[in-house]
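Okay, so here's the structure we're looking at.
Chain letters run A, B, ... following the sequence lines, proteins first and then strands; every chain starts at 1.
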2 protein chains.
Amino acid sequence: MKNINIWLDQIQNDYKAAVSVDCVIFGYDDQNLKILLSKCDMPPFENQFSLLGDIVHPNETTDEAAYRVLVERTGISNIYLEQVQAFSAPNRHPLGRVITISYYSLIQIDQTFLDHVAAHPDLILKSVNEVHTLAFDHKLIMDTCLTKLQKNLREHPLGFKLLPSRFTLLQLQNLYESVLGITLDKRNFRRKMNTLGILKESGEIESDVPHRPAKYYYFDETAYHDRVELGFSFGF
Amino acid sequence: MKNINIWLDQIQNDYKAAVSVDCVIFGYDDQNLKILLSKCDMPPFENQFSLLGDIVHPNETTDEAAYRVLVERTGISNIYLEQVQAFSAPNRHPLGRVITISYYSLIQIDQTFLDHVAAHPDLILKSVNEVHTLAFDHKLIMDTCLTKLQKNLREHPLGFKLLPSRFTLLQLQNLYESVLGITLDKRNFRRKMNTLGILKESGEIESDVPHRPAKYYYFDETAYHDRVELGFSFGF
DNA sequence: GCAAAAGTGTTCGCTCTACACCCATGG
DNA sequence: CCATGGGTGTAGAGCGAACACTTTTGC
């Protein structure tokens, strides 16, 4: 163990770094996986987009900082948030040493959210597969978070967090297909959801659709928690 | 996007934090999962044990810092290392704000390593299941890393990194049983390893054992990489 | 009546599980 | 000869994959 005075000295002096959080905010619009970005005005990245982030304040955890960024920038509270990993290349930030802790979060793209984005010209919602370059190392962060989202989506019932509280089975299937980049068999998918027992019919059905109306389902949290103890996997 | 001057100000002044790495170093001694710890001399944790860690230097990544700690403290290079997550409770360190990035690593407990530990009185090797309390929030970090190790062990061929380069199938099975806390069927386990095709016989066998000598196997890295493309799981 | 999505069962192959005995060696 | 772990095969169950047609609605 290193001498305490060396520690004290390093902690209080030039071994300090700025620590930030960066949030990869995913949404889904019944077509594509989207990401919420911000216009960047910092040289040399002017006119590029960046993730939503901020420096971590002295009296908050990184989780709290990420949550604060989400609430401040999106107006939404009660957001699903998951820490992904730290990025710490010494030259990743033009203003000096900034180590960032990345998070991804899942939001529902509803009209309120779209209005919020429209009212804030610095915000933009892009399709993930159309994002080819971002400020800083944010493209790398986005890709890392996307990979982690895909993995978690196969192992945990997260898809619901990207959908409205009531949704049809086709919406849910399309979501998995589009985020995971796979195709699924309709009958197998529906049987799977059925046997998992974590969805309940809401009793409502679609209206004004030019085809047979679909039933609306919702995610049954308590049934899920009963199941999760014995291991859980979607199996695709 | 926040004004650049605010950023600059915060980065350069009191929003800075010390950033450290903490390494959960796992080993396996043919009996139990072990962890390498260090005696702690920092109040109020005197006479407790802590993880091996250090502050991150200005010109290195956290990966590099973790690797540096491992080489400096264990004498081993070429160690498997995986970032787990950041811990950032504002009061987690008595000397001030220290955000830590945790890593776990897997080492082989051979005679060289045991000699190294014996030669350094500040180091101690303990059975993971006998560690009930550690300095700082290191018990929480250890538990988090153990959970992640168990998950990764089921999904990736990591077990080999805890064993000598040549090992018997029983050694391997015992490792999985003891780290995952499960029991496995001998025949099914052997068939599984066989069909995965990632083990090769070395041609050598045990000697001086009071029973039929076992074959030594080694992990066939290239066969694994051929397989891994199509998804990989041990299925237990 | 037509376009468009909803909804529904069966078969096949693979994988996991459970289970018991003989073999080779050292002492 | 005995104790110890090494090493082997088979049968049953459950799960994922493949696959096609009828139903309901709006226009």
Q: Evaluate side-chain contact (heavy atoms from CB on, under 4.5 Å) for A:Glu82 paired with A:His156, printing each intermediate quantity in order.
A: CA-CA 13 Å; A:Glu82 177 147 336; A:His156 306 281; over 6 Å; no
Q: Could you please spell out the steps behind the side-chain contact (heavy atoms from CB on, under 4.5 Å) verdict for B:Arg154 and B:Ile182?
A: CA-CA 12 Å; B:Arg154 287 174 180 268; B:Ile182 57 179; 3.9 Å; yes
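Residue contacts shown for A:Lys186 include a base, since a base heavy atom lies under 4.0 Å away.
Going from atom CZ of B:Phe167 over to atom P of D:dG6 covers 14 Å, rounded to whole Å. Distance CZ (B:Phe189) to P (D:dG6): 12 Å, rounded to an integer number of Å. If you measure from atom CG of B:Leu169 to atom P of D:dT4, you get 21 Å, rounded to the nearest angstrom. Taking atom CG of B:Leu170 as the reference point, atom P of D:dG7 lies 9 Å away to the nearest angstrom. Regarding A:Arg191, its CZ atom lies at a distance of 9 Å from the C1' atom of C:dT10, rounded to whole Å. One can place CG of A:Asn188 at 14 Å from P of C:dT8, the figure rounded to the nearest angstrom. The CG-P distance, from B:Asn194 to D:dG7, rounds to 11 Å in whole Å. Taking atom CG of residue B:Asp185 and atom P of nucleotide D:dT10, one finds them 16 Å apart after rounding to whole Å.
B:Arg191 and B:Asn188 are linked by a side-chain donor-acceptor pair at a separation below 3.5 angstrom, with hydrogens and angles left out of the test.
With rounding to the nearest 0.5 Å, the separation of CG in A:Asp122 from CZ in A:Arg73 is 5.0 Å. In this structure, the separation between CG on A:Leu70 and OH on A:Tyr80 is 13.0 Å, given to the nearest 0.5 Å.
Taking the screw axis at each terminus of the helix from C:dG1-D:dC27 to C:dG27-D:dC1 from five consecutive base pairs, the angle between the two is 0° to within rounding of 10 degrees.
Side-chain N/O atoms of A:Arg212 and base N/O atoms of C:dG7 include no donor-acceptor pair closer than 3.5 Å. A donor and an acceptor atom sit less than 3.5 Å apart, one in the side chain of A:Arg187 and one in the base of D:dA20.
Ring centroid separation for the pair A:Phe160 and A:Phe167 comes in under the 6.0 Å cut-off.
A close approach under 4.0 Å does occur between a side-chain nitrogen or oxygen of B:Lys192 and OP1 or OP2 of C:dC16.
Classified by interplanar angle (parallel below 30°, tilted 30° to 60°, perpendicular above 60°), the ring pair A:Phe113/A:His116 is parallel.
Nearest-nucleotide assignment on DNA chain D puts the 5′-proximal partner with B:Gln171, out of B:Gln171 and A:Pro213.
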